[in-house]
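These numbers come from the heavy atoms of this one structure, side chains and all, not from hydrogens, waters or symmetry mates.
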Amino acid sequence: TGYYQKGGNDERKGIEVELTGRLLDNLEVITGYSYIDAQYKEHTSYVYGSAPLNTPKHTFNAYANYSFKEKLDGLSVGAGIYYTGERPINDWSSGAVTHEGIVPNQKPFNVEAYTQVNAQIAYSIDSHWNFRFLLNNIFDEIGYNAYRTSYINQTDPRNFAGVLSYSF
């Protein structure tokens, strides 16, 4: 059509906090929390006060990595936890169809929250070679992410990987 029309006013309120630091010379910690209250306001297509698709109110992450010194110099271990809160699988249309997969005036269901735990062990040799073994989703937690109602992706099951790298 060659032109655009304003769809409405959307509101996003929230807070995001991240703390990163070394608690000890050989212990690094990274944590983060996010709260977002996202809503459609005075919108031409979406129900007033409804949340945008795949937008959780709460997310949290924490990761710690410990590097051994002296006898086990070069060895490090780390672990992290990642939480994604429940969120709507789709936008809630008030009548106008805005994209494929939306059913006008039908409230979308929420995808459940999930938590994943990952770990790694690494060994560095002479500051050039590094080997890491990664274990992801240790407890085989099933979670889902949505992109419109046409696409619901399951999180990866428990898996592992090895990484060999050389720095020069």
Side-chain angles (χ1 to χ4, degrees), residues 9-41 46 49-92 99 108-168:
N9 295 316
D10 301 343
E11 183 177 274
R12 311 288 194 264
K13 294 180 185 177
I15 185 169
E16 185 172 324
V17 178
E18 183 176 302
L19 297 172
T20 303
R22 291 193 179 275
L23 298 180
L24 302 171
D25 182 42
N26 53 349
L27 178 61
E28 179 183 18
V29 176
I30 301 167
T31 62
Y33 170 76
S34 176
Y35 168 79
I36 184 167
D37 183 15
Q39 297 181 16
Y40 291 116
K41 303 283 187 168
Y46 302 117
S50 65
L53 71 101
N54 209 33
T55 305
K57 286 193 181 287
H58 305 277
T59 59
F60 170 79
N61 65 284
Y63 179 80
N65 193 66
Y66 184 86
S67 299
F68 292 90
K69 302 291 182 185
E70 296 176 22
K71 288 185 181 182
L72 298 174
D73 192 29
L75 181 66
S76 66
V77 293
I81 184 168
Y82 307 91
Y83 170 82
T84 302
E86 79 171 17
R87 60 237 171 265
I89 194 166
N90 208 344
D91 290 312
W92 189 358
H99 55 268
F109 65 88
N110 284 336
V111 177
E112 292 181 9
Y114 66 91
T115 303
Q116 289 191 344
V117 177
N118 302 331
Q120 77 165 11
I121 186 167
Y123 187 71
S124 295
I125 303 170
D126 71 31
S127 75
H128 292 290
W129 290 97
N130 181 277
F131 175 75
R132 289 186 301 151
F133 177 76
L134 309 167
L135 182 55
N136 300 309
N137 197 3
I138 292 171
F139 301 110
D140 207 20
E141 177 75 16
I142 301 297
Y144 296 94
N145 292 302
Y147 181 73
R148 313 289 184 213
T149 54
S150 301
Y151 306 99
I152 300 175
N153 299 323
Q154 181 178 321
T155 56
D156 290 335
R158 180 184 308 118
N159 63 84
F160 61 90
V163 179
L164 178 63
S165 59
Y166 180 80
S167 299
F168 52 91

Q: Would you give the length of the straight line joining atom CD1 of Ile142 to atom CG of Asp156, rounded to the nearest 0.5 angstrom?
A: 9.5 Å

Q) Do Ile81 and Thr115 come close enough that some side-chain heavy atom pair is under 4.5 Å? A) yes

Q: Looking only at non-hydrogen atoms, find the nearest pair between Ile138 and Ala119 and report the distance.
A: CD1-CB, 3.7 Å

Q) Strictly by modelled atom types, are Glu141 and Tyr82 linked by a side-chain donor-acceptor pair under 3.5 Å? A) no

Q) Which value, rounded to the nearest 0.5 Å, describes the distance between Asp140 atom CG and Asn159 atom CG? A) 9.5 Å

(Q) How close do Ala51 and Asp91 get, counting heavy atoms only, and between which atoms? (A) O-OD1, 4.2 Å

Q: With the side chain counted from C-beta on, respond yes when Arg12 and Pro52 share a heavy-atom pair under 4.5 Å apart, and no when they do not.
A: yes

Q. How about Glu86 and Glu112: do any of their side-chain heavy atoms sit closer than 4.5 Å?
A. no

Q. Which distance, rounded to the nearest 0.5 Å, do you find between the OG of Ser76 and the CD of Gln120?
A. 6.0 Å

Q: Can you label the angle between the Tyr35 ring and the His58 ring as parallel, tilted or perpendicular, going by 30° and 60°?
A: tilted

Q.
Are there over 12 heavy-atom neighbours, none belonging to Lys69, within less than 6.0 Å of that residue's NZ?
A. yes

Q) Shortest non-hydrogen contact from Trp129 to Leu164? A) CE3-CD1, 3.9 Å

Q: Would you name the heavy atoms of Ser167 and Ser127 that are closest together and state the gap between them?
A: CB-O, 4.4 Å

(Q) How close do Pro56 and Arg87 get, counting heavy atoms only, and between which atoms? (A) N-CB, 3.6 Å

Q | Ring centres under 6.0 angstrom apart (Tyr66, Phe68) | A | yes

Q) What do you reckon, is CZ of Phe133 surrounded by more than 12 foreign heavy atoms closer than 6.0 Å? A) yes

Q: Compare every heavy atom of Thr55 with every heavy atom of Ile36, then report the nearest pair and how far apart it is.
A: CG2-CG2, 4.0 Å

Q: Verify whether one side chain among Gln116 and Asn118 offers a donor that lies under 3.5 Å from an acceptor in the other.
A: no

Q. Mind checking whether Asn61 and Thr59 have side chains closer than 4.5 Å, heavy atoms only?
A. no

(Q) Rounded at 0.5 Å granularity, tell me how far OH in Tyr144 sits from CD in Gln154. (A) 4.5 Å

(Q) Once rounded to the nearest 0.5 Å, what's the spacing between atom CG of Leu53 and atom CG of Asn90? (A) 6.0 Å

(Q) Less than 4.5 Å apart, side chain to side chain, heavy atoms only: is that true for Asn145 and Tyr114? (A) yes

Q) In Å, rounded to the nearest 0.5 Å, how long is the span from CG of Asn54 to CG of Asn153? A) 9.5 Å

